[in-house]
**Q** 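Quick one: structure below, then a few questions.
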Number of protein chains: 2
Amino acid sequence: MTGNNEHLFLIFENLFKIKSECSSEILCGCGLPDITLKQIGYLKIIDRYGEITFSKLAEVTSNSKPTISEMINKFIQMECVYKKRSLQDGRVFHICLTEKGQTICRCEQKALFRLTEKMNYSLTEDEIKTLVRILKKVK
Amino acid sequence: MTGNNEHLFLIFENLFKIKSECSSEILCGCGLPDITLKQIGYLKIIDRYGEITFSKLAEVTSNSKPTISEMINKFIQMECVYKKRSLQDGRVFHICLTEKGQTICRCEQKALFRLTEKMNYSLTEDEIKTLVRILKKVK
DNA sequence: AATCAATTAGTTAGGCTTTACCTACATATA
DNA sequence: TATATGTAGGTAAAGCCTAACTAATTGATT
């Protein structure tokens with residue numbers, strides 16, 4: 001029992017390490033070493049909406065509009081988002097993620113995808129089926 | 001191939017989600033919602049040394065000594081570390097992690113351990129052996 | 001239909017608090 | 001005297017705010 005758990009721990013520690021190396025690599029590739037957790041959180045909200053106006057973003061993040069203006073200006077400098085003027089209403093801007101912005105907020109998913117690619121590469125089709133069958137049971 | 005990868009992705013996404021729920025739970029349990037990544041980084045350095053003096057910590061983190069004093073005072077308030085006066089030299093203090101401090105910087109390991117416990121609980125011994133055998137191959 | 005006031009979206013200016021640093025100087029112990 | 005740590009006071013950046021501004025739209029009124 002304990003021996004098994006020990007083994008499992010070491011095996012999964014290795015897998016988690018591989019994944020976190022992938023995500024560090026992806027994030028480093030964006031060239032924004034000083035990005036903060038808060039900023040990533042806001043990028044994720046923008047990603048969730050696909051496109052969002054300043055007012056709506058102020059509303060959903062419970063911030064004032066000037067705070068959002070400032071934040072978005074910084075994001076534009078960082079090349080994470082861009083502004084798109086609305087055709088219906090000239091006062092309105094839609095905030096969209098750039099490629100880089102998407103990479104940052106989907107970093108963990110991309111890293112996980114790389115990990116599964118590595119598995120696909122190292123394992124046979126049968127082994128993968130067995131793996132899926134067993135791990136499906138874990139709740 | 002692609003189908004397999006898709007399956008693997010979903011299965012592991014679930015496992016990673018379970019683990020990250022565990023680590024959030026552990027961290028929330030510490031009652032320090034405003035702790036920063038920098039602070040956690042410094043706690044990990046203290047953990048690595050086991051016990052460390054102010055001067056040494058200033059040296060290894062490339063900070064000035066007053067910066068360390070200030071940081072440690074905050075950590076003491078947060079109940080993450082305590083000071084222990086050296087018996088050999090009354091000028092020297094050793095900085096040690098409290099239980100809470102250890103919990104914070106070993107949070108990811110504890111979460112991984114909880115995940116493997118869940119696996120142990122959900123799977124048979126044979127399944128675990130198969131799992132270990134297969135996953136050992138992933139590089 | 002033309003116009004002008006009110007409303008709305010976003011910006012600018014200026015200010016506050018906290019984090020995370022610093023230097024210069026003070027205190028206690030060796 | 002030299003060394004370990006502490007105190008005082010200061011800086012820059014992050015992340016927030018309010019008040020006042022500009023530009024576009026809406027809608028009531030002539």
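Note on naming: letters A, B, ... go to the chains in the order of the sequence lines (proteins, then strands), and numbering restarts at 1 for each one. In this text the structure is predicted, and so the values were computed from the model without any measurement.
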**Q** To the nearest Å, how far apart are B/Ile95 CD1 and D/dA4 P?
**A**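 From B/Ile95 CD1 to D/dA4 P: 13 Å.
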
**Q** Take A/Phe16 and B/Phe16 through the ring pair (Phe, Tyr, Trp, His ring centres under 6.0 Å) test and state the conclusion after the steps.
**A** CA-CA 9 Å; A/Phe16 277 79; B/Phe16 278 79; 4.2 Å; yes

**Q** What is the nucleic acid contact for A/Asn63, judged by heavy atoms within less than 4.0 Å: base, sugar-phosphate only, or nothing?
**A**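 Sugar-phosphate contact only.
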
**Q** Just the rounded figure in Å: distance from P of C/dG10 to CD1 of A/Ile72.
**A**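 Interatomic distance, CD1 of A/Ile72 to P of C/dG10: 10 Å.
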
**Q** Report the distance from atom CZ of A/Arg85 to atom C1' of D/dT22, rounded to the nearest whole Å.
**A**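 Spelled out: CZ on A/Arg85 to C1' on D/dT22 is 12 Å.
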
**Q** By nearest atom, which of the nucleotides C/dA30, C/dG10, C/dT19 is closest to the B/Lys74 side chain?
**A**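 Out of C/dA30, C/dG10, C/dT19, the nucleotide with an atom closest to B/Lys74's side chain is C/dT19.
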
**Q** Which nucleotide in the set D/dC16, C/dG10, D/dG15 lies at the smallest distance from any side-chain heavy atom of A/Tyr42?
**A**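 For A/Tyr42, the side-chain atoms sit closest to D/dC16.
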
**Q** If you check the A/Ser64 side chain, which of D/dT18, C/dT23, C/dA20 turns out closest?
**A**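 Minimum distance to the A/Ser64 side chain belongs to D/dT18.
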
**Q** Taking everything shown except B/Glu79 itself, do over 12 heavy atoms lie less than 6.0 Å from its CD?
**A**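 Atom CD in B/Glu79 is not crowded, with 12 or fewer foreign heavy atoms closer than 6.0 Å.
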
**Q** Could you tell me whether the phosphate oxygens of C/dT12, OP1 or OP2, come under 4.0 Å of any side-chain nitrogen or oxygen in A/Ser69?
**A**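 For C/dT12, OP1/OP2 do not have a side-chain N/O of A/Ser69 under 4.0 Å.
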
**Q** Between P on D/dT7 and CZ on B/Phe54, what's the gap in Å once rounded to a whole number?
**A**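 After rounding, the reported distance stands at 10 Å.
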
**Q** Using only heavy-atom distances, decide whether a donor-acceptor pair under 3.5 angstrom links the side-chain of A/Arg91 to the base of D/dT25.
**A**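 For A/Arg91, whose side chain was compared with the base of D/dT25, there is no donor-acceptor pair (under 3.5 Å).
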
**Q** Just one of B/Asp47, B/Asn63, B/Thr61 clears the side chain to side chain donor-acceptor pair (under 3.5 Å) bar with B/Tyr42, so which one?
**A**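 The option that passes is B/Asn63.
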
**Q** Taking for each residue the nucleotide of DNA chain D with the nearest heavy atom, is it B/Glu70 or B/Ser55 whose nucleotide lies nearer the 5' end?
**A**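 The residue closer to the strand's 5' end, by nearest nucleotide, is B/Ser55.
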
**Q** Ignoring backbone atoms, test whether B/Lys83 places a side-chain nitrogen or oxygen under 4.0 Å from the OP1 or OP2 oxygen of D/dG6.
**A**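 Looking at the OP1 and OP2 atoms of D/dG6, one of them is under 4.0 Å from a side-chain N or O of B/Lys83.
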
**Q** Are A/Lys56 and A/Glu59 close enough for a salt bridge, meaning some N to O gap below 4.0 Å?
**A**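 A salt bridge is present here (some side-chain N lies under 4.0 Å from a carboxylate O).
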
**Q** Ignoring the backbone of A/Thr67, work out which of C/dC21, D/dC17, C/dA9 is nearest its side chain.
**A**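 For A/Thr67, the side-chain atoms sit closest to D/dC17.
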
**Q** Consider the side chain of B/Asp89, meaning its heavy atoms from C-beta on, and name the nucleotide among D/dC17, C/dA20, C/dA30 that approaches it most closely.
**A**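 Comparing D/dC17, C/dA20, C/dA30 against the side chain of B/Asp89, the answer is C/dA30.
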
**Q** Rounded to the nearest angstrom, tell me the gap between atom CE in B/Met71 and atom C1' in D/dT7.
**A**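 It is 18 Å, rounded to the nearest whole Å.
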
**Q** Do B/Phe12 and A/Leu15 come close enough that some side-chain heavy atom pair is under 4.5 Å?
**A**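 Yes, at least one pair of side-chain atoms sits under 4.5 Å.
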
**Q** Can you measure B/Phe93 atom CZ to C/dT27 atom P for me and round it to whole angstrom units?
**A**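 One finds 17 Å between P of C/dT27 and CZ of B/Phe93, rounded.
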
**Q** Within the structure, does a side-chain N or O atom of A/Lys38 lie under 4.0 Å from either OP1 or OP2 of D/dC16?
**A**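 The answer is yes; a side-chain N or O of A/Lys38 sits under 4.0 Å from OP1 or OP2.
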
**Q** Rounded to whole Å, how long is the line connecting atom NZ of B/Lys65 with atom C1' of D/dA2?
**A**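 In whole Å, D/dA2 C1' and B/Lys65 NZ are 11 Å from each other.
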
**Q** Within less than 4.0 Å of OP1 or OP2 of D/dA24, is there a side-chain N or O belonging to A/Gln88?
**A**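 False: A/Gln88 side-chain N/O out of range (4.0 Å or more) of D/dA24 OP1/OP2.
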
**Q** Counting only side-chain heavy atoms from C-beta out, which of D/dG15, C/dC22, C/dA20 sits nearest to B/Gln39?
**A**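 Per side-chain heavy atoms of B/Gln39, the pick is C/dA20.
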
**Q** Give a yes or no on this: more than 12 heavy atoms of other residues, nucleotides or ligands lie within 6.0 Å of atom NZ of B/Lys118.
**A**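 Open.
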
**Q** Taking atom P of C/dA9 as reference, at what distance in whole Å does atom CD1 of A/Ile52 sit?
**A**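 Nearest whole value for this atom pair: 13 Å.
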
**Q** For B/Ser62, report the nucleic acid contact type (base, sugar-phosphate, nothing); a contact means any heavy atom under 4.0 Å.
**A**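 The residue B/Ser62 makes sugar-phosphate contact but no base contact.
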
